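Notes follow once the structure below has been shown.
Keep in mind the model is a prediction, meaning the values are calculated, not measured. Values below: every heavy atom of this structure, side chains too, minus hydrogens, waters and symmetry copies.
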Amino acid sequence: MRPCRQSATKMILGFLLHLCHLVSSQYNQYTALVDKIEGTLDRAVKLHRAGQTQEALRTLDEIRQVFRVAVQLEPSEPDAYVAFAQAMLTSNQLNESIEAWESALERINAEKEPAMAQWALGRLRYARYGLVSMKRDALYAHGQGDLLESLKLVEEQLKIYPGFPSRYHDLATIQVMLFHFLEDSTNMTVASFQKSQDSAFHAWKAGLKERGRSKSDCDGRMFYSWKEALGFSRSLISLKPVTFGDESCGQNYCDHGAYVATFRDVGLSGDDGIIVDEKECQLFMASAGLAVDLAKNLQLLEIWGDPPAPHGGPRFRWFDVSQGRAPNHGAWETPMLVKKAASLVQFAGTSYFHIITEVFGRLWLLKEAGILDDPETRLILPKPFGFLAAGFKILTQGMGVSANRLIHWTSGPNDVLLRAETLYYANWELPVEFGKDGGHCPTPPSVLLHVRDALGAGFASAPSATEHLRPALVYIKRKQGEMRSVLHGEADFVQELKTWAPSVALEYITFNGQLKPKATARLFGRARIIVGFHGGVAGGSARSTSRD
């Protein structure tokens, strides 16, 4: 009897060992397939980057086939779903990625693997966000498409990622373009710009602490009024008045005058040269104020983003505004160091309107305050071209501002690019509240009048060159693709202007921005009527001109 029992026991053990071998072999085959999905994805990415698009698409089909085999072997395991979902997310096959992430989450035991579950949930959220983003980009069409639907999709993006600074800025930009169509548009737009800067400011502070650049306990502050900052901030030393304006105010504005600020131990960050005190977590916003997109100028930690990968890594990722085009997410660890400098760098500092009214306004103020008389003071400015070069030459004539004192600011990383022991910056309190008519980057009349006189004298022509020319009606024509550059019915509108101009003794002239600075100044010196449309407004259509 005992030999029979021993024989039976051996048979059972043998069967169990065989079964274990089969299960182990099947699971090894499963993990090999999961690894193959990841390896094949690497090959697909390399093919895509090499421009071999068709071959890359065929490689994605291989991944799909391997995935199907894997889930047949282990239908209740999450690994293949996770690998496939990540592969489809990386290759922008977002619908497939979303479906796979949902299936993976059904198979992940959230109680035993909470980090894995949270990470997968974040990846699902990111895939859904990507799908909305693709729809929005197609509809927005660089500002030429369906703005109302684009607005809804930006709002949907913000539901997925509340606190995303760039999306709040996008929301505000579209609201500006749709102000004719939205109720209470001004308050909504201002609130969106403010949310963008507030959320970016908190993400910047988190990044400073992560990099060890700030005090551990700094709450920080954004200063929009530098007069309020004086005495509160260790960096802002003084404000020297240059113009005093008229505090009695006009109908639509209050000219509070302008000043030159002196800072100690600050940096200039990003394309817009934002003045920062990293140690104290302080930002000094120049007159452009809420219009500035901070996410394009500062290093932000994605505190609005998804949890990290389950197997270690930082709590938050760095926000890469360049989307991979800039190395190291745009961080810059070796800023230029200068002892004394004056800056003309600002928001939109190479655009015509901002050059004429703001950049030249700041330059004139620096000149009047005697800042540029010091040969040791460097001058930071965009590389001069066109009107900027011509106006700079006029406004600095006879001052001896040599080329070796100039620091040309070019587009670069969204980080501190220069640190100054002493920095001078000309600025002013806003004469018109942001959001109100005329409140986009306004310069006080007490500054503009001086800039006009200085440039007018420099661009003046001999009387014989212009005295025989008739007064003009100038129509400013936008280049195709320039913001909202399509004016419906423009041809008929222009023809009407051409027909009407001679009846009031005006010569019709189209201005397309291609004239040189002096010729442009002469043309607009002849202008009695100037007609143009704003590039940031949606729904542009030509209407009949008034002949009263």
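- In this structure, Ile476 and Asn512 have side chains that are not in contact, with every pair of non-hydrogen atoms separated by 4.5 Å or more.
- Here CD1 of Ile407 is found 11.5 Å from CG of Leu417. Values are rounded to the nearest 0.5 Å.
- Counting only heavy atoms from C-beta outward, the side chains of Leu381 and Trp409 never approach each other to under 4.5 Å.
- Nearest heavy atoms, His169 versus Ala291: CE1-O, 3.3 Å.
- Ser199 meets the side-chain contact (heavy atoms from CB on, under 4.5 Å) test with Pro165, Tyr168; sequence neighbours excluded.
- Between atom OG1 of residue Thr396 and atom CH2 of residue Trp364 there is a gap of 15.0 Å, rounded to the nearest 0.5 Å.
- Scored by the side-chain contact (heavy atoms from CB on, under 4.5 Å) test, Glu302 finds Trp304, Arg317, Phe319 as partners (sequence neighbours excluded).
- Side chains of Arg167 and Ser192: no donor on one and acceptor on the other come within 3.5 Å.
- Met285 approaches Trp226 most closely through the heavy-atom pair O-NE1, 3.0 Å.
- Ring geometry, His354 versus Phe347: the interplanar angle exceeds 60°, so the pair is classed perpendicular (tilted spans 30 to 60°).
- With a 4.5 Å cut-off on side-chain heavy atoms, Val474 and Val531 do not count as touching.
- Counting heavy atoms of neighbouring residues, nucleotides and ligands inside a 6.0 Å radius, atom NZ of Lys367 exceeds 12 of them.
- Checked by atom type and distance alone, the side chain of Glu368 never pairs as donor or acceptor with a backbone atom of Val242 at under 3.5 Å.
- The closest side-chain heavy-atom distance from Phe284 to Asn427 is not below 4.5 Å.
- The side chain to side chain contact (heavy atoms under 4.5 Å, CB included) test with Leu365 is passed by exactly one of Phe360, Trp428, Tyr259: Trp428.
- Open room surrounds CG on Asp437; 12 or fewer heavy atoms of other groups in view lie less than 6.0 Å from it.
- Heavy-atom minimum distance, Leu388 versus Pro382: CD2-O, 3.8 Å.
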Point to revise | Worked check of salt bridge (charged side-chain N to carboxylate O under 4.0 Å, His left out) between Glu149 and Lys152 | key: CA-CA 5 Å; Glu149 286 302 314; Lys152 295 176 184 176; 3.2 Å; yes

| query | Can you check side chain to side chain contact (heavy atoms under 4.5 Å, CB included) on Leu372 and Leu363, steps first, answer last? | reply | CA-CA 9 Å; Leu372 301 181; Leu363 179 57; 3.9 Å; yes

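- Panel note: side chain Ser287, backbone Cys441; no donor-acceptor pair is recorded below 3.5 Å.
- Under 4.0 Å is where a charged nitrogen must lie from a carboxylate oxygen, and between Asp277 and Arg264 no such pair does.
- Proximity of Leu423 to Ser343: side-chain heavy atoms (C-beta onward) are separated by under 4.5 Å at one or more points.
- Under 3.5 Å, the side chains of Asn297 and Asp272 contain a donor-acceptor pair of N or O atoms.
- Not one N or O on the side chain of Trp204 forms a donor-acceptor pair closer than 3.5 Å with the backbone of Ala295.
- Annotation: Tyr425 is not in aromatic contact with Phe263 [ring centroid separation under 6.0 Å not met].
- Using a 4.5 Å cut-off on side-chain heavy atoms (C-beta onward), Leu147 and Tyr140 make contact.
- Note that the CG atom of Leu473 and the CD1 atom of Ile529 stand 5.0 Å from one another [nearest 0.5 Å].
- The minimum heavy-atom distance linking Ala331 with Gln299 is given by the pair N-NE2, 3.4 Å.
- Shown here is Trp119, whose CH2 atom has more than 12 heavy atoms of other residues, nucleotides or ligands within 6.0 Å.
- Side-chain contact, Asp306 with Tyr161: a donor N or O sits under 3.5 Å from an acceptor N or O.
- We find the CD-CZ distance between Gln194 and Phe434 to be 9.5 Å, quoted to the nearest 0.5 Å.
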Side chain to side chain contact (heavy atoms under 4.5 Å, CB included) between Arg362 and Val260, worked out:
CA-CA 9 Å; Arg362 300 188 202 284; Val260 172; over 6 Å; no

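- Taken to the nearest 0.5 Å, the NE2 atom of His180 stands 11.0 Å off from the CG atom of Leu182.
- Shown here is Arg49, whose CZ atom has no more than 12 heavy atoms of other residues, nucleotides or ligands within 6.0 Å.
- Between the side chain of Glu210 and the backbone N or O of Leu208 there is no donor-acceptor pair closer than 3.5 Å.
- A donor-acceptor distance shorter than 3.5 angstrom exists from the side chain of Thr520 to the backbone of Lys516, with no hydrogens or angles considered.
- Counting only N and O atoms by type, the side chains of Glu280 and Ser235 include no donor and acceptor under 3.5 Å apart.
- Geometrically, Arg125 does not engage Trp101 in a cation-pi contact, judged by NZ or CZ lying under 6.0 Å from the ring centre and within 45° of the ring axis.
- In terms of heavy atoms, Asn414 sits closest to His329 at OD1-O, 3.7 Å.
- Proximity of a side-chain donor or acceptor of Lys279 to a complementary backbone N or O of Arg213 within less than 3.5 Å is not detected.
- Contact of the Arg136 side chain with the Glu156 side chain is not registered, since no non-hydrogen atoms from C-beta on lie closer than 4.5 Å.
- Taking the six-membered ring for Trp and thresholds of 30 and 60 degrees, Phe511 and Phe524 have ring planes more than 60 degrees apart, a perpendicular arrangement.
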* Asked: Do Ile98 and Arg128 pass the side chain to side chain contact (heavy atoms under 4.5 Å, CB included) test, and can you show the C-alpha distance, the side-chain angles, and the key distance before you say yes or no?
  -> CA-CA 7 Å; Ile98 289 168; Arg128 287 172 174 164; 3.9 Å; yes

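- There is a side-chain donor-acceptor pair under 3.5 Å between Asp255 and Ser446.
- Residues Leu379 and Phe392 have side chains in contact (heavy-atom distance under 4.5 Å, counting atoms from C-beta outward).
- Scanning both residues, Pro431 and Thr443, for their nearest heavy atoms gives CG-C, 4.2 Å.
- Summarising the local packing, NZ of Lys205 is surrounded by more than 12 heavy atoms from other residues, nucleotides or ligands at distances under 6.0 Å.
- Between the CG atom in Leu283 and the CD atom in Glu278 there is a gap of 9.5 Å [rounded to 0.5 Å].
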Open item on the list: side chain to side chain contact (heavy atoms under 4.5 Å, CB included), that's the test. Do Gln282 and Val276 meet it? Break it down for me.
Closed with: CA-CA 6 Å; Gln282 292 176 349; Val276 303; over 6 Å; no

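- No more than 12 heavy atoms of other residues, nucleotides or ligands sit less than 6.0 Å from atom CE of Met336.
- Of the possible polar contacts, one joining the Lys240 side chain to the Ala369 backbone as a donor-acceptor pair under 3.5 Å is found.
- At least one donor-acceptor pair under 3.5 Å links the side chain of Asp146 to the backbone N or O of Leu148.
- Thr90 places a side-chain N or O within donor-acceptor distance of the main-chain N or O of Gln86, the cut-off being under 3.5 Å.
- Geometrically, Arg221 engages Phe232 in a cation-pi contact, judged by NZ or CZ lying under 6.0 Å from the ring centre and within 45° of the ring axis.
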**Message:** Before you tell me yes or no, could you show the steps for Glu102 and Arg123 under salt bridge (charged side-chain N to carboxylate O under 4.0 Å, His left out), namely the whole-Å CA-CA distance, both residues' side-chain angles and the distance that decides it to 0.1 Å?
**Reply:** CA-CA 10 Å; Glu102 289 172 341; Arg123 295 283 81 192; over 6 Å; no

